There are 2 protein chains.
Amino acid sequence: MDRRPLRPAAKAAAARRLIRAAGERLTAPRAAVLAVLLEARSALTHHEIEATLATTFPVDRVTVYRVLDWLVALGLAHRIPGEDRSWRFGASRAPAHGPHAHFTCTRCGTTVCLEDVAVPPAVKLPRGFRPQKVELTVQGLCAACR
Amino acid sequence: MDRRPLRPAAKAAAARRLIRAAGERLTAPRAAVLAVLLEARSALTHHEIEATLATTFPVDRVTVYRVLDWLVALGLAHRIPGEDRSWRFGASRAPAHGPHAHFTCTRCGTTVCLEDVAVPPAVKLPRGFRPQKVELTVQGLCAACR
DNA sequence: GAGCCCGGCGCAACCGGATTGCATCTGCGC
DNA sequence: GCGCAGATGCAATCCGGTTGCGCCGGGCTC
């Protein structure tokens, strides 16, 4: 949030660096998709990612899906289930991120990650249930839609 | 959670009463769907609802969807977006329920509503954003899947 | 209790996001 | 430069959800 927007080229370099650092195979689609995520100020749907790439470096629909899954598995991105039954993806700030919070605009669907959120309190679960991940979702209107 | 299971018949009567009380048209499918939700100890997918009804009172797929939407609009049920890209529905305990918490099992997908959860702390949003609803989702393993 | 009418129901077709199968291509270790 | 495991692209497919439309029946009227 509120990070200063670097030039796309810088993001592209960062994307390549991240993939290399992960010891994974560096391919053009992977770098391109990750760069898009790094540049975005909000979580993007698969469709938005594909549309963004279309102008600069067209990547097959299916490949985008696969790259996204791969990024999620690698921990470089995370996937947010939306109200509209489609995934949204955002670059992970921290390598391993704990409790996570998101804001979704009920009007335009824009989803952003809230970085500075107090860790939600320990939740009381039914007997025998084991918590693994806690997610806080806030719905409302974004600044543009008000 | 942990409410004692009444007999199906009792739930069916309760369902009819709720629909009547809402001043809405009472039909067999509506009562049947609502009864299923009232009986369930967890939030159900459309598929589970349909399957449950199949043995006792088969209802058309589309009708189930429409009844569910109608119940949600009426406030008698609420809809939870799942990790598997399908809605889950649960009967609303309180007429108008504020902050809501859910637990989803990452293994079997079972989703339950957590009733007694401390209201999440006020979340700090970006400038100009207006919150409307807060949802807390806990993922982990349910007692059966551990 | 019978008739009427509006809204709910069932059927079938459809939509779009996501997934799978498979042949081809390519990053990168040697 | 070579080779191969793994990534890409294309087409077909799946599946949860939605829409259009004609028929049916809940509940109000008389």
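Reckoned from all heavy atoms, side chains included, excluding hydrogens, waters and symmetry mates. As the structure is a computational prediction, the values presented were derived from the model and not from experiment. To find a chain, count down the sequence lines: A is the first, B the second, and so on, and within it residues start at 1.
For residues 126-146 of chain B, the pairs satisfying ring-ring contact (aromatic ring centres under 6.0 Å, His included) are A:Phe103-B:Phe129, with sequence neighbours left out. Residue pairs meeting the ring-ring contact (aromatic ring centres under 6.0 Å, His included) criterion with at least one member in residues 22-42 of chain B, sequence neighbours excluded, do not occur.
Residues that satisfy the side-chain hydrogen bond (donor to acceptor under 3.5 Å, both in side chains) test with A:Arg79, not counting sequence neighbours, are A:Asp69. Listed by chain and number, the residues in a side-chain hydrogen bond (donor to acceptor under 3.5 Å, both in side chains) with B:Thr110 amount to none (sequence neighbours excluded). The side-chain hydrogen bond (donor to acceptor under 3.5 Å, both in side chains) check on B:Thr104 picks up B:Thr111, with sequence neighbours excluded. In this structure, A:Arg85 has no side-chain hydrogen bond (donor to acceptor under 3.5 Å, both in side chains) partners at least two apart in sequence or on a different chain.
The CD atom of B:Glu50 sits 11 Å away from the P atom of C:dC11 (whole-angstrom rounding). Between the CD1 atom of A:Ile19 and the C1' atom of C:dT26 there is a distance of 15 Å, given to the nearest Å. Summarising the geometry, the separation between CZ on A:Arg85 and P on C:dC15 is reported as 16 Å, rounded to the nearest angstrom.
The minimum heavy-atom distance linking A:His100 with A:Cys113 is given by the pair NE2-SG, 3.9 Å.
Of the residues in residues 56-72 of chain A, A:Arg61, A:Val62, A:Tyr65, A:Arg66 come within less than 4.0 Å of DNA chain C through at least one heavy atom, sorted by number.
Checking B:Arg20 against B:Asp84, the closest nucleotide of DNA chain D that is more toward the 5' end is the one next to B:Asp84.
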Which pairs would a plain distance check flag for residues 54-64 of chain B, meaning a side-chain donor or acceptor within less than 3.5 Å of a matching protein atom at least two apart in sequence or in another chain?
residue, atom, partner, partner atom, Å
B:Thr55, OG1, B:Thr52, O, 3.1
B:Thr56, OG1, B:Leu53, O, 3.4
B:Asp60, OD2, B:Val62, N, 3.0

Atom pairs and distances, donor-acceptor, side-chain atoms in residues 12-33 of chain B, under 3.5 Å, two or more places apart:
residue, atom, partner, partner atom, Å
B:Glu24, OE1, B:Trp70, NE1, 3.3
B:Thr27, OG1, B:Arg30, N, 3.4
B:Arg30, NH1, B:Arg25, O, 2.8

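Taking a heavy-atom distance under 4.0 Å as the criterion, the stretch of DNA chain D touched by chain B extends 5' to 3' from D:dG16 to D:dG27.
The backbone N or O of A:Val36 lies less than 3.5 Å from no partner atom in the side chain of A:Glu39, so there is not a single donor-acceptor pair. In terms of modelled atom types and a separation under 3.5 Å, the side chain of B:Arg88 and the main chain of B:His78 share no donor-acceptor contact.
Helix-axis bend for the helix from C:dG1-D:dC30 to C:dC30-D:dG1: the local axis fitted to the five terminal pairs at one end deviates from that at the other end by 30°, rounded to 10°.
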Report task. Treat primed atoms plus P, OP1 and OP2 as sugar-phosphate and everything else as base, then score nucleotides 2-7 of chain C 5' to 3': B for base contact with protein heavy atoms under 4.0 Å, S for sugar-phosphate contact only, - for none. Result -> ----BB

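The shortest distance between side-chain heavy atoms of A:His102 and A:Val112 does not fall below 4.5 Å. Within the 4.5 Å cutoff, side-chain heavy atoms of B:Phe89 are placed close to those of B:Val72.
Backbone-only engagement by B:His46 is indicated by non-hydrogen atom pairs under 4.0 Å involving sugar-phosphate atoms exclusively.
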